[in-house]
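Below is one structure, written out as structure tokens; comments come after it.
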Amino acid sequence: MAQRLEKTNFVTHILFGLVLGCWCIAANASPAESLIDGGFENGPAPASGWEEVVESPDEASDETSFVMPDQISGWDIAAYQCKYAFWAGGSYAISDDETAPLSNYVQQEVYVPEQTLGLGFSTCFRREDEDDASPDDLFYVEIIDEGNVEANIFSREMTKDNNSYPDWKRYILTNISDYKNKTVTLRIGAESGAGTPYTGNVLVDAIDLYQGRDQPVSEENRTVYPAQAYTDDDTDALDTFLADDFDVGEEDGEDVEIYGMEIRGSVLPVDKKITLHFEIYDDDTGLPDGNPKDPDNKPVWSLSLAADDPQINISAEGGDGKITFSPKIPARLAKGRYWLVFYPQMSEADFGQFGWHVSDTTNGHEAMVITPDGDNGKQLWTPITEVGDWNVALQDLAFTLFYQKADVPEISVSPNRLSETVAKDKTATADIIIANSGDAFLEVRSIKSSAEWIRLNPEQGDVEKSCGEITVTVTFD
């Protein structure tokens with residue numbers, strides 16, 4: 001797999017012109033980060049930047065490492081990215097017939113830059129047995145300042161209700177920004193209670209810091225404004241979409257990669273019958289260059305997911321809803337202005353209406369609304385401040401983007417041309433090495449052959465990942 005630190009990233013297509021056909025590799029790159037080895041790809045400490053600590057039992061303190069390779073024993077799943085993940089909690093075998101709850105963590109000193117807005121990490125919680133009657137069985141993320149626990153910035157009980165196995169779930173925490181311009185210790189681990197031996201387990205991977213753009217919910221205007229596509233009968237005329245602009249500027253570099261979005265509005269249920277649509281459009285002289293019902297002007301990037309997809313986190317805070325989206329493959333954008341559109345597609349009869357909050361910020365253009373099939377005067381993109389019955393004076397929608405400046409891999413293929421003379425009813429094989437010598441991490445996501453008589457290992461359509469190098473075996477029939 002590839003560490004990229006959540007950064008699966010932009011897709012590079014490399015076409016190999018061969019005497020006997022061609023194959024295409026789709027690759028992801030991830031930028032180098034200030035946080036060292038957030039994906040544990042340097043292996044166990046001290047090779048990585050992490051310090052590993054076992055709090056209990058004492059018998060586990062001699063264990064070399066709980067940074068485990070891909071296809072971790074007993075889990076039968078791959079790491080979120082690349083080869084390694086950190087295993088916290090669970091039970092530790094202290095003898096052939098005795099186990100004890102394991103409490104352990106990793107930590108490292110991290111400087112939190114001025115532009116930091118989020119801390120991202122991926123987890124897989126495994127607790128398939130009945131819950132322990134223990135006071136402590138907890139996954140946590142802590143900030144330690146000058147040797148003292150400054151704050152627990154995230155925690156989750158490792159109970160059966162929170163079991164996510166075999167799916168990975170990604171989280172982005174904004175409270176890391178409270179520590180801008182400071183060097184702190186980031187600690188991530190699990191505390192296992194002393195109830196029964198069957199304690200909860202968690203895998204952790206792809207820890208990273210993000211910069212971003214934040215437009216918080218207005219302090220004064222708590223109204224939400226409609227943004228929804230309806231699935232009920234005869235409701236096309238009601239479909240309403242909102243859009244707000246954002247800039248990828250000089251300070252962000254030529255390209256950025258968006259690793260997360262946070263939409264603030266109505267509380268949504270976590271239901272597979274609700275589809276969430278995330279779309280980014282080019283700018284057309286101060287307006288979105290298209291809309292969700294315009295077949296001729298497509299978004300530059302889009303993704304639609306069920307509300308219960310592992311890439312989605314839906315929560316409620318103080319009566320307001322928060323939808324956090326962490327795409328496995330980030331959106332890569334060049335310098336320029338773009339428009340973000342978000343809307344759920346769902347039945348009003350079953351789930352009611354969704355509304356988007358506004359913000360007190362004044363960034364870029366006014367947010368826009370459109371009802372393409374309606375007869376309410378909003379068939380074209382219209383500033384939300386000009387909708388008379390809304391009576392809204394604020395120009396921005398409430399959302400957050402988490403991104404990083406993009407990096408580029410240096411990919412080499414050796415050899416880049418093969419030719420074979422194959423006798424009738426015989427086969428021949430040859431190996432091709434795909435390697436990355438750049439600063440970015442490489443992930444090979446798909447390998448395909450255009451010729452039916454060329455077979456690849458991994459086979460066509462399979463997904464194979466590498467932390468810098470992968471061998472492809474070509475078979476000529």
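Numbering starts at 1 and runs along the sequence shown. Only a predicted model underlies this, so the values are computations on that prediction, with no experimental measurement involved.
- Within the structure, salt bridge (Lys or Arg N to Asp or Glu O under 4.0 Å) contacts touching residues 307-321 (residues at least two apart or in different chains) are R222-D320, E317-K322.
- Because its NZ or CZ atom is not both nearer than 6.0 Å to the ring centre of W301 and within 45° of the ring axis, R332 does not count as a cation-pi partner of that residue.
- Each of Y343, F342, Y230, F241 was scored for a ring-ring contact (aromatic ring centres under 6.0 Å, His included) with F354, with one residue passing: F342.
- Taking the six-membered ring where the residue is Trp, F154 and Y171 present tilted rings, their angle falling between 30° and 60°.
- Listed by chain and number, the residues in a side-chain hydrogen bond (donor to acceptor under 3.5 Å, both in side chains) with W339 are D283 (sequence neighbours excluded).
- Aromatic ring pairs are classed by plane angle as parallel below 30°, tilted from 30° to 60° and perpendicular above 60°; the pair F125 and F139 is perpendicular.
- With sequence neighbours left out, the side-chain hydrogen bond (donor to acceptor under 3.5 Å, both in side chains) criterion links D239 to K293.
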Distance-only check: which donor-acceptor pairs under 3.5 Å involve side-chain atoms of residues 268-277, not counting sequence neighbours?
residue	atom	partner	partner atom	Å
D271	OD1	K273	N	2.8
H277	ND1	S304	OG	2.7
H277	NE2	Q345	OE1	2.8

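- In this structure, D244 contributes its side chain and L397 its backbone to a donor-acceptor pair below 3.5 Å.
- Applying the salt bridge (Lys or Arg N to Asp or Glu O under 4.0 Å) test to every pair with at least one member in residues 337-363, sequence neighbours left out, gives these pairs: D245-R337, D247-R337.
- Here S103 pairs with E55, S56, E191, S192 under the side chain to side chain contact (heavy atoms under 4.5 Å, CB included) rule; sequence neighbours left out.
- The 12-atom threshold is not exceeded at NZ of K298, counting heavy atoms of other residues, nucleotides or ligands nearer than 6.0 Å.
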